[in-house]
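All ligand and atom numbering here is 1-based and tracks the order in the structure. For the numbers below, each heavy atom of this structure counts, side chains included, while hydrogens, waters and symmetry mates do not.
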Amino acid sequence: MTFPLKPIIKAFFDEPTNTVSYLVADPATKKAAIVDPVLDYDHKSGKANMASADAILEAARQEGYAIEWVLETHAHADHLSSAPYIKLKTGAKVGIGEHIRDVQKIFRPVFDAQDVSGDGTEFDSLFKDGERFTIGEMDVDVFHVPGHTPADVAYKIADAIFVGDTLFMPDYGTARADFPGGDARTLYRSIQKLLTLPPETRLFMCHDYKAPGRDHYAWETTVAEERGNVHLKDGVSEDDFVAMREARDAKLSAPTLLLPSIQVNIRAGHLPPADANGVRYLKIPVKVAA
Ligand SMILES: [Fe+2]
């Protein structure tokens, strides 16, 4: 009897957006995936570069990995994805949860983004809850974990699961649930689904912000530790969580890169089509109070 090998996981932290991207490899075949890669985008100048993506690709090259997949946990609202660049360089397929269709339909009118399909065809794979696919010889199980957005998924490989924006580190809490299509009660139920996994399961966060009293970034924990998460520990009921989450979200400001991120990420990381002058523009819908 053979047991599945554990994936080799290397984390890449992007401090400007507090995002963690991962290079995940099958030790047997050296096939690999990149989870939630970041595009380095400077909003003040409108300039972008691929330094973060190149760092991951270079690490993969040094190890002899072949990148088969770019896996997005959701349409991020705080950073732009570099999925198209990685696809161009490696031939990897770009996958996301199938409910990205709902997110596209929510935001298409917001940005008058008429090129956005609403059927998810900008992506190569739309994963369903419970779907299984492979990286080399490793099985990947998809968990639909809505709440932060309607389309969030987590990817489980052997004893490791990439939870996207559901949970943060146990000393920091949980993701916001106030974006369009988000819902605190739904988020609570998705988190409970993750916490039913075996206690030794390793959880990999998409973000870290350093909790009060912690002087270093961290992104790996376990189900056992997350059962004591500051937002969820014993005695916090579903209703308590919803009240806490909604009160907290009401005080949070919009992420700095919200508007550019959504426009790019619902297009699978592509910029909007160029205007007649050949230049690509991002839009800012402006509402002036009467
Ligand atoms: Fe997010």
(Q) Which of the protein's N, O or S atoms come within less than 2.8 Å of the Fe ion (ligand 1), not counting waters? (A) H74 NE2, H148 NE2, D165 OD2

**Q.** All side chain to side chain contact (heavy atoms under 4.5 Å, CB included) counterparts of V264, not counting sequence neighbours
**A.** L80, L271, L282

Q | V103-L258 co-clustered via ILVMFWY side chain contacts under 4.5 Å | A | yes

Q: Salt-bridge test for R189 and E238: reply yes if a basic N is under 4.0 Å from a carboxylate O, no otherwise.
A: yes

Q) D239 and S237: side-chain donor and acceptor closer than 3.5 Å? A) no

Q. How long is the span from the CG atom in L167 to the NE2 atom in H231, to the nearest 0.5 Å?
A. 10.5 Å

Q) Are the ring centres of F162 and F204 closer than 6.0 Å? A) yes

